[in-house]
Amino acid sequence: MPRLPTSLLRRAYALDPYLPALLGPCRDLCAAQNELRWLREHVDGVAEKRRARGGTLARAALLRELVGKRARGMPLQYILGTEWFGEVEIRCRKGVLIPRQDTAASISHLVRFLRDAPNLPSELRVLDLCTGTGCIPLLFAHDFYDASSRPDLRILGVDVSEKALELAAHNLERTRKAQASVAKGNISFLQADILLNPFADQTEGPPSLKTALNLKRMPQFWDILISNPPYISPKEYWKTTTRSVRGFEPKLALVPPPDAAGTDTEQGDAFYRPLLTIAQDVEAKIVLLEIADLDQALRVGRRVREMDIYDGIEIWCDQPDAHPNTAAEDPASDSEFPIFGTGNARTVLCHRGQGTQWLQRTPSPHAPTSTPADTTEDCAHISHDGLEPSFDKTLLHAGDGRPFHERTLKSRKEPVDWEHWTGKPANAAAPWYTKEPRLGRR
Amino acid sequence: MTMIATPPWICRVCLSRLVRQAIGRPTRFYANATKAAPNSVPRALVERARTIAAEHRQLTAQLSDGFNARAAKQAGATAPVVSALQTWDKASEAVAELTALIHDPGSDPELRELAADDLDATRAELANASHGLVTALVPVHPFAHLPCLLEIRPGAGGSEAAIFAGDLLRMYQSFCNRTGFRATLLKYENINGTQEAGIPLAEAVLEIDQENAYSVFRCEAGVHRVQRVPATEKQGRTHTSAASVHVLPSLNENAAADENYDDPESDYYIDPKEVRLEVMRASGAGGQHVNKTESAVRLTHIPTTTAVSMQDSRSQPKNKEKAWALLRARIAQLRREKRDEEMVAMRRSVVGVAKMGRGDKVRTYNWNQQRVTDHRSGITVHHLDDMMEGGQTLEQVMESVRSWLMEKDLEALIADEEADTKK
Ligand SMILES: C[S@@+](CC[C@H](N)C(=O)[O-])C[C@H]1O[C@@H](n2cnc3c(N)ncnc32)[C@H](O)[C@@H]1O
C-alpha cells in the first residue's frame with residue numbers, strides 16, 4: 001500500500017489529533033472523519049449505559065483504545081459490534097464474516113421484484129446457504145413484509161460454522177424484538193456442510209444438507225435459493241483482499257477449501273457446482289448466487305446454461321437498481337448474459353418456470369426447449385406433499401434434449417449411481433464435487 | 001380578470017391559532033401597521049370577501065345535491081372568510097345603528113346616552129371583526145401546514161462564521177426543546193462530529209417534524225449576521241461574519257400521503273429518471289474482498305443541478321432516504337421561490353413587498369452591545385444570552401417577524417385588489 005502523504009496527515013492532525021491514526025485503514029480524510037464520529041457516538045453510548053447502571057467510564061481512554069484497534073486494522077464493524085445490512089442492523093462478532101452492503105443491495109433488489117410478483121405460493125420458501133450472521137434471511141423477511149399482506153414466508157439459513165449459527169440465532173432474536181415485520185416470517189437456522197456428499201456414510205462432523213433437512217423434518221423443496229458462498233481463490237486472497245479482511249475475518253468464509261487436483265481458479269469456484277446441484281434438487285425456481293467479479297460470473301453463468309433447465313440467466317452489479325449514466329458505465333453492451341445495474345458484477349441470477357413469472361421476465365431465446373410453468377407447478381405440487389425427492393443426475397447429462405420434468409421424474413425412479421458419477425465409492429472421504437467427470441465443457 | 005394566480009384560501013385564523021398553540025402565546029396584531037385605519041377594511045377587500053361568500057353559497061348549494069370531494073374541500077377552505085364577513089357585517093351594522101341613534105336629534109336623550117355608552121365596546125368589536133376578516137383573506141403560504149427543515153450553513157467570515165452557525169443550530173435546538181417541537185438532526189457535518197459549543201459547523205439540517213412548523217419557522221430564513229470578538233482573535237478586534245438559514249418544507253412520509261409526489265403537476269414531484277444516484281464506494285474489487293464502511297450517498301437533480309450528499313448514517317439505505325427527503329424539500333422550495341419572484345415582478349406597483357430572498361440580511365447579533373436587531377420588523381432586544389439559549393427573547397423576535405410578514409402579505413393583497421378594481 002502506498003504511504004500516506006505527510007501533508008494529508010498534517011491536515012488531518014490539525015482537524016483532530018485522532019484522525020491521522022484512522023487514515024491508515026480508511027485511506028481518505030472524509031471516511032476517517034465519519035469513522036471517528038461513529039466511534040465517538042459509540043463511546044458516548046457505552047458511557048450512557050454505564051451511567052444508567054450507576055458506573056462511570058473514562059471516555060477519552062476508551063476512545064483512544066478503540067481508535068488504536070482500528071488503526072491496527074480491526075474492522076470498524078467488529079469494534080462497534082454491528083453493521084447495517086440494508087435497513088437491518090446486524091450484530092457482528094469476530095469469527096463470522098461481516099455482511100457486505102453489496103450483498104444487501106442484491107437481496108433488496110430481488111425482494112422488490114417479489115413484492116410485486118404475481119401468483120406467489122401461499123408459503124414462499126427461501127433457502128440461504130452459507131448464511132453467516134443470518135443477515136440474508138433477516139433482510140429478506142424485513143423487506144418482504146415491509147408492505148402490507150404477503151404470503152407466508154419460510155426461510156432457512158444454513159452454515160457449517162457453529163460460531164456463525166450462534167450469532168445468526170442471536171441476530172434473529174434481536175431483530176424480531178426490534179422489527180415486527182421480521183417476527184412474521186418463519187425463520188430458522190440449520191447446521192450442514194454444503195460441500196459434503198449426501199450419499200457418503202458419514203459419522204462425524206456436520207451432516208450434508210440433505211441429511212440435515214431429513215433429520216430436522218424440513219421441506220425438501222424450496223422456491224428460492226440464495227447463497228453468498230466463499231468465492232475467493234487462494235491467489236486472489238493474497239492479491240485483492242484488504243489487510244483488515246485477511247487479518248481479522250475468518251478464512252473459512254472467504255476461501256473454499258483446497259482441492260489437490262484443481263487449479264487456483266477452480267478452487268475459487270468450488271462452491272458453485274454443489275450449490276447448483278442443490279438448487280436443482282430442491283427445485284428452486286429462482287437462484288441468486290453472489291460472485292467475485294465478471295469473470296467468475298461468466299464461468300458460473302456458462303455452467304448454468306449447460307444445465308439447460310433455466311429460462312433466463314442474468315448478472316447483477318453492485319447497485320442493481322441504478323441505471324448506467326454513460327456508455328462507459330454500462331458493462332452490458334456486448335455481454336453474453338444481460339447485465340443490470342452499475343459497479344462490479346456481483347450476483348448471477350437464474351430463473352425458470354414460475355420464477356420467471358414472479359420476476360416478470362420473458363424466457364430467453366436460449367431457454368430449454370420445455371420447462372412450461374405447469375410442469376414446475378407439478379413439481380411444486382409433488383414437493384409440497386412432502387414426497388421424497390431423489391438427487392438426480394441430469395446435471396451430468398445436461399442438454400440431452402429431454403424436457404426437464406421428464407428428466408426429473410425419470411431420475412426419481414432410478415437409483416442414483418453415485419460411483420458412476422464421481423468415479424469414487426459413495427463413502428469416499430474426498431468431497432463429492434471435486435471432479436468434473438464427463439461433463440461436456442465448452 | 002385577476003392579475004395574480006388565485007392563491008389557495010386556507011383559513012388564516014386557524015393558522016394563527018395553531019401557531020399560537022405551538023408557541024404558547026397569542027399572536028398580537030399590529031393594527032397600526034396596516035395603512036388602512038384600524039376599524040375600516042379597504043373596500044376592495046370587502047368586495048373580495050363578498051365574492052368569496054357568493055361562491056361559497058353556490059358551492060354549498062351544489063353540495064346539498066350530492067357529495068363532491070373537490071367542492072367540499074373548496075367550501076371548507078373559504079368557510080372562515082364567510083363567517084368572518086358575517087361577524088364584520090353584524091358589527092358594522094351595530095356601529096352604524098348606534099351612530100345613527102346618537103346623531104338623530106329626534107331620539108330620546110336617555111337612549112342617546114345609553115347608545116354613546118355602548119359605542120366604545122361596539123367599535124372595539126368592529127375592530128376585532130375587521131382584523132378577523134382581513135386575516136381570513138390573507139393567502140396562506142402553500143407550505144404553511146407542513147413540517148419543515150432548517151438548513152444552517154456558515155457564510156462569509158471563515159471559522160468564526162462556522163462557529164456562529166453552530167451557535168444558531170444550538171439556539172434552534174434548545175428553542176424546540178423548550179417549546180415542545182420534535183426536532184431531529186437530519187444532517188450534521190463538522191470537523192469531528194462532536195456537538196459541543198465552539199466547534200465550527202460545516203452544515204446542519206434540523207428536521208422539525210410537526211404540522212405547521214413551516215409557518216412558525218418561515219420567519220427565520222435569511223442571512224444572520226454576527227458582530228463579536230472571536231475566541232481566536234488575539235488583538236481583541238470585533239469581527240463581522242454571517243451564517244445562512246434556509247427554511248424548507250419537509251416532505252417526509254407522513255406528508256407524502258396528502259401531497260401526492262406522483263403528480264407531475266405538483267411542486268413536490270421529482271422524476272426519478274432525472275436524479276443521478278452516486279454511492280461513494282471504495283475503489284477496487286468490492287464484495288468479500290473489502291469490509292468497507294463507506295455509506296455516503298449523493299443525489300443530483302439533473303435539470304436544476306441541485307445536489308445533496310448524505311453520510312451521517314452507517315446505513316446506506318438510511319442515507320439514501322434522508323438524501324431524497326432533503327432533495328425533495330430543496331426542489332419544492334426552489335420552485336416556490338421562483339414562482340414568488342414571478343409574482344413580485346408582476347406586482348411591480350407595490351414597493352417593499354415581503355422580499356425574503358436567501359441572500360438578504362435579516363438579523364444582526366451584536367455581542368458587544370448584547371443586543372439583537374431584526375432588520376425586517378425593526379425589533380431590538382437585549383437579552384442576547386436568553387436569545388442564544390432559544391428562550392422567550394427568540395420567541396418575541398420571531399413573533400414580531402411573523403407579524404411583519406403578515407402585514408407585508410396584507411399590503412400585497414390590498415395592492416392587488418386595488419389594482420384589480422381600477423381596471
Ligand atoms: C462469504 S460468507 C457469507 C455469509 C453471509 N451469507 C453474508 O452474506 O454475509 C460464507 C459463509 O459460508 C460458510 N461456509 C463455509 N464453508 C461452508 C460449507 N462447506 N458448508 C456450509 N457453509 C459453509 C462460512 O461459515 C461463512 O459463514
Side-chain angles (χ1 to χ4, degrees), chain A residues 15-16 18-19 25-28 30-31 33-41 75-78 80 82-89 97-98 100-105 108 228 230-232 236-237 240-242 244-245 248-249 253-254 290-293 318-319 321-323 325 342-344 346, chain B residues 159 162 185 187-196 199-204 232 253 271-302 307 309-324:
Chain A
L15 287 175
D16 194 305
Y18 283 123
L19 280 176
C26 294
R27 309 308 293 176
D28 84 69
C30 197
Q33 281 177 289
N34 279 334
E35 290 206 0
L36 181 55
R37 191 179 68 240
W38 296 325
L39 282 167
R40 278 212 167 93
E41 284 169 9
L76 186 76
Q77 296 90 336
Y78 286 151
L80 303 182
T82 62
E83 170 68 316
W84 284 91
F85 192 66
E87 284 174 14
V88 183
E89 196 181 22
L97 191 94
I98 298 161
R100 307 295 202 247
Q101 291 175 26
D102 302 333
T103 310
S108 290
N228 175 17
Y231 55 57
I232 302 178
E236 289 291 306
Y237 182 69
T240 24
T241 60
T242 59
S244 163
V245 171
F248 293 87
E249 295 196 84
L254 299 161
E290 182 163 324
I291 40 78
D293 52 23
D318 288 333
Q319 293 93 47
D321 52 344
H323 300 284
N325 295 111
T342 60
N344 292 318
R346 188 53 59 219
Chain B
S159 74
L185 269 178
K187 176 171 181 165
Y188 183 81
E189 271 178 26
N190 76 1
I191 55 149
N192 63 10
T194 49
Q195 286 180 33
E196 292 146 33
I199 306 265
L201 170 76
E203 186 183 1
T232 49
E253 279 162 57
D271 184 351
K273 282 203 275 313
E274 293 182 340
V275 176
R276 182 168 62 226
L277 164 77
E278 291 162 278
V279 293
M280 319 293 170
R281 46 194 319 279
S283 55
Q288 290 169 11
H289 305 87
V290 292
N291 49 28
K292 61 168 180 159
T293 59
E294 282 92 343
S295 54
V297 167
R298 182 160 68 205
L299 296 178
T300 312
H301 185 242
I302 300 162
S309 66
M310 197 64 82
Q311 53 188 353
D312 281 28
S313 169
R314 290 169 60 214
S315 148
Q316 202 170 68
K318 257 196 199 139
N319 283 333
K320 202 155 127 186
E321 193 183 301
K322 286 177 173 186
W324 263 104

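Order of the sequence lines sets the chain letters (A, B, ...), proteins ahead of strands, with each chain counted from 1. Remember, predicted model here, so these are calculated numbers, not experimental data.
Contact of A:Ala104 with chain B is not made at all, since no heavy-atom distance falls under 4.5 Å. Proximity to chain B (any heavy atom under 4.5 Å) is restricted, for A:Asn34, to the side chain, taken from C-beta onward. For A:Ile98, the part lying near chain B is the side chain, with the backbone staying farther off; criterion is any non-hydrogen pair under 4.5 Å. At a 4.5 Å heavy-atom cutoff, the contact between A:Leu80 and chain B is made by side-chain atoms alone. Within the 4.5 angstrom heavy-atom criterion, only side-chain atoms of A:Glu35, from C-beta onward, approach chain B. Contacts between A:Glu83 and chain B at a heavy-atom distance below 4.5 Å involve backbone atoms as well as side-chain atoms. Interface remark: A:Asn228 contributes backbone and side-chain atoms alike to the contact with chain B (heavy atom separation under 4.5 Å). Contact of A:Ser244 with chain B is made through backbone and side chain together, with heavy-atom distances under 4.5 Å. Contacts between A:Thr82 and chain B at a heavy-atom distance below 4.5 Å involve backbone atoms as well as side-chain atoms. Both the backbone and the side chain of A:Tyr231 come within contact range of chain B, each with at least one heavy atom under 4.5 Å from a heavy atom of that chain.
Listed options A:Trp84, A:Tyr18, A:Tyr237 were ranked by heavy-atom pairs under 4.5 angstrom with chain B; first place goes to A:Trp84.
Under the side chain to side chain contact (heavy atoms under 4.5 Å, CB included) criterion, A:Pro230 pairs with A:Cys130, A:Pro256, A:Phe271, sequence neighbours left out. With sequence neighbours left out, the side chain to side chain contact (heavy atoms under 4.5 Å, CB included) criterion links A:Asp28 to A:Cys30, A:Ala31, B:Glu294.
The closest side-chain heavy-atom distance from A:Asp293 to A:Asn344 is not below 4.5 Å.
A donor atom on one side chain and an acceptor atom on the other are not found under 3.5 Å apart for A:Asp16 and A:Gln33. If you check the side chains of B:Asn291 and A:Gln77, you find no donor sitting under 3.5 Å from an acceptor.
Taking 4.0 Å as the cut-off between side-chain N and carboxylate O, B:Lys187 and B:Asp312 do not count as a salt-bridged pair.
Taking each heavy atom of B:Ser295 and A:Trp38 in turn, the nearest pair found is OG-CH2, 3.8 Å.
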